[in-house]
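All values reported here derive from a predicted model rather than from experimental measurement.
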Amino acid sequence: MNKEQIINRVKASGLALAIGATLLACPPAAQAQTPTPTIAQIPATTKWSERMAQSVLKRSPWLQDPNLGDSWGYTQGLLMHSLEALEHQNHDPRLRTALQQYGDKMVDAQGEIHNKDYKPLDNSLDNINSGKLLFQLYTDTKQEKYKVALQKLHAELQQQPKTTDGGYWHKKKYPSQMWLDGAYMASPFVAQYAAYFKEPAGFDEAAKQLLLLEKHLRDPKTGLLYHGWDEKHVQAWANPQTGQSPNFWGRAIGWYGMALVDVLDYLPAKHPDRPKLVQVLDQLAVAIQKYQDPASGLWYQVVDKGGQPGNYLEASASGMFVYTLAKGVNKGYLNKKYRPVAQKGFDGITTKLIEVKPDGELNLLQVCEVAGLGPGTERNGSYEYYVGERIKINDLKGVGPFILASLELNK
């Protein structure tokens, strides 16, 4: 698809230029702060990561105004993590203000997370991802509330239901199921918590979760990983013999790749599972390169079915794969031959899936809004299901990885 076709497809679904974050009301948890300064013009000479971050600040009222509601969701957590990574490099005070405002809106003085989406008793791994921002906020501010919130999230994970071999259920309402998405939601937080609070058992747990997902979901023929695994083999989407879902969804694999390189940031050099995770990453890199579209450098929504009707080059998976490969090379986990693969993928995003407005604001096109597995038969894991899910512009699940990918390629 070209850019015009992409925009027309989104318009046809009633989602033209939808801003990725859902604005959900929640009460402010702390005193109001100075609003983030507005941005008028975004220079074309600025790095892609900064141009995209400024675009997000420009179009997202909840980032500009500390009194507007927000969501404790994994999507916001992904964006905040990307803005935090960018702020570490460029020290932009606008980003620091936005990050602090988010923490203050979400966490009250007693360390309680206030948002209607956050329900600890749901035992949802999606609850955990936003917690990664709290480490830096606690370091910067020394406010006890952030430490308390971190400890509560960690305690929540201690109660997470597990498969018989110790793998986290994705959510309590998805019994006996492990999803690739959960790799990113939980394992980097667990590993960072272990490093930050000097609790080494967390290193074992973070690595174990990633290795179990690889064990249950990797397809030896393609090297790709299926989206989900049902230990009981009873879900409508599950293969009766293996329990695996039937297709390779790009973003699910992207979540897993990002989790691998991020967990390795914290795992001790002599940890016994570290070589195993590096090997898993190398195997994944081989598969990612194999299924890269040679013409555009991008990856498809259903990764191994690029030529089939309805499939499309998808922005979030492409950004995640670029980030995984580029960071893997930068950290020395992967052979340098993957650097050009990552660069080709990023160039594909900027030339095929980026629209630049007259004021310099960037729109990221062709992002799958969401995909899952059950309950029931509607989200059945079929090819038709994945290519039929809604497409959005500027969905944060694509924007966050784009910023992170750009940062890695700038190193």
Side-chain angles (χ1 to χ4, degrees), residues 13 15 18 20-22 24 71-78 117-119 122-130 160-163 167-187 209 212-213 216-217 219 224-239 242-259 299-305 310-312 314-317 320 366-392 395-398 400-401:
S13 67
L15 294 166
T22 302
L24 297 171
S71 173
W72 185 264
Y74 70 90
T75 300
Q76 274 79 357
L78 174 61
D117 285 342
Y118 176 65
K119 299 173 183 177
D122 286 349
N123 292 116
S124 170
L125 296 184
D126 289 348
N127 287 341
I128 306 301
N129 189 49
S130 287
Q160 189 72 13
K162 293 181 177 181
T163 61
Y168 291 145
W169 293 9
H170 189 60
K171 300 180 182 181
K172 184 165 61 178
K173 71 177 184 179
Y174 299 134
S176 304
Q177 299 169 45
M178 297 186 75
W179 294 12
L180 285 181
D181 317 47
Y184 186 78
M185 306 309 154
S187 280
Q209 297 303 320
L212 283 173
L213 283 164
H216 294 305
L217 292 170
D219 172 47
L224 299 169
L225 287 82
Y226 294 102
H227 187 178
W229 174 69
D230 169 26
E231 181 180 24
K232 304 297 185 183
H233 302 191
V234 297
Q235 298 300 318
W237 49 262
N239 183 306
T242 66
Q244 296 166 334
S245 59
N247 280 288
F248 304 114
W249 178 39
R251 186 156 75 227
I253 302 169
W255 287 128
Y256 186 75
M258 292 203 303
W299 287 267
Y300 280 90
Q301 165 77 341
V302 180
V303 178
D304 64 327
K305 294 181 169 62
N311 210 355
Y312 59 95
E314 200 276 328
S316 68
M320 291 175 174
Q366 203 81 352
V367 188
C368 172
E369 181 179 23
V370 70
L373 296 166
T377 58
E378 289 186 5
R379 303 199 302 175
N380 61 9
S382 68
Y383 172 82
E384 292 73 19
Y385 163 70
Y386 285 115
V387 299
E389 277 287 18
R390 289 185 293 179
I391 299 171
K392 292 183 69 175
D395 190 291
L396 300 181
K397 294 182 287 293

Task: Least distance between heavy atoms, G77 atom then N129 atom - done: C-ND2, 3.7 Å
Task: Donor-acceptor pair, side chain of D230 and main chain of Q235, under 3.5 angstrom - done: yes
- [ ] Taking all heavy atoms of L78 and all of P401, pick out the closest pair and write down the distance.
- [x] CD2-CD, 3.6 Å
Task: Heavy-atom pair of closest approach, residues L125 and A186 - done: CD2-CB, 4.0 Å
Open item on the list: Ignoring hydrogens, what is the shortest heavy-atom contact between G243 and H233? Give both atom names and the distance.
Closed with: CA-CD2, 3.4 Å
- [ ] Would you please name every residue forming a ring pair (Phe, Tyr, Trp, His ring centres under 6.0 Å) with Y256, sequence neighbours left out?
- [x] none
Open item on the list: Within the supplied structure, the quantity of interest is the number of heavy atoms (other residues, nucleotides, ligands) at a distance under 6.0 Å from K162 NZ; does it exceed 12?
Closed with: yes
Open item on the list: Is it the case that the side chain of Q160 and the backbone of W169 share a donor-acceptor pair, with hydrogens and angles ignored and the cut-off at 3.5 Å?
Closed with: yes
Open item on the list: I'd like to know if the side chain of S245 and the backbone of G381 have a donor-acceptor N/O pair within less than 3.5 Å.
Closed with: no
Open item on the list: Given Q301, which partner from the list Y386, W249, Y383 fulfils the side chain to side chain donor-acceptor pair (under 3.5 Å) test?
Closed with: W249
Task: Pairwise distance CG(D117) to OH(Y74) - rounded to 0.5 angstrom - done: 11.0 Å
Task: Donor-acceptor under 3.5 Å (W72 side chain, N127 main chain) - done: yes
Open item on the list: Ignoring hydrogens, what is the shortest heavy-atom contact between W237 and G374? Give both atom names and the distance.
Closed with: CD1-N, 3.9 Å
- [ ] Determine the sole option in K392, R251, K397 for which the side chain to side chain donor-acceptor pair (under 3.5 Å) test with S316 is passed.
- [x] R251
- [ ] Evaluate side-chain contact (heavy atoms from CB on, under 4.5 Å) for M185 paired with W255, printing each intermediate quantity in order.
- [x] CA-CA 8 Å; M185 306 309 154; W255 287 128; 3.8 Å; yes
Open item on the list: How long is the straight-line distance from CG of L180 back to CG of L217, given to the nearest 0.5 Å?
Closed with: 5.0 Å
Task: Donor-acceptor contact below 3.5 Å, side chain T75 vs main chain L396 - done: no
Task: Test ring pair (Phe, Tyr, Trp, His ring centres under 6.0 Å) applied to W229 - qualifying residues, sequence neighbours left out - done: H216
- [ ] Evaluate the criterion side-chain contact (heavy atoms from CB on, under 4.5 Å) for residue pair V302 and E314; output intermediate values, then yes/no.
- [x] CA-CA 9 Å; V302 180; E314 200 276 328; over 6 Å; no
Task: Whether Q76 side chain and S130 backbone form a donor-acceptor pair below 3.5 Å - done: no
Open item on the list: side-chain contact (heavy atoms from CB on, under 4.5 Å) for D122 and K172? Distances and angles first, verdict last.
Closed with: CA-CA 6 Å; D122 286 349; K172 184 165 61 178; 5.7 Å; no
TODO: Report the C-alpha distance between N247 and K305 in whole Å, list the side-chain angles of each, state the deciding distance to 0.1 Å, and finish with yes or no for side-chain contact (heavy atoms from CB on, under 4.5 Å).
DONE: CA-CA 9 Å; N247 280 288; K305 294 181 169 62; 3.3 Å; yes
- [ ] Find the distance between CD (Q209) and OG (S187) and round it off to the nearest 0.5 Å.
- [x] 5.5 Å
Open item on the list: Check whether D395 reaches the backbone of V367 with its side chain - one donor and one acceptor, N or O, closer than 3.5 Å.
Closed with: no
Task: From CG (N239) to OH (Y226), nearest 0.5 Å - done: 8.0 Å
TODO: Give the minimum heavy-atom separation between D181 and A371, together with the two atoms involved.
DONE: OD2-O, 4.5 Å
Open item on the list: Tell me whether Y385 contacts the main-chain N or O of G372 through its side chain, where contact means a donor paired with an acceptor under 3.5 Å.
Closed with: yes
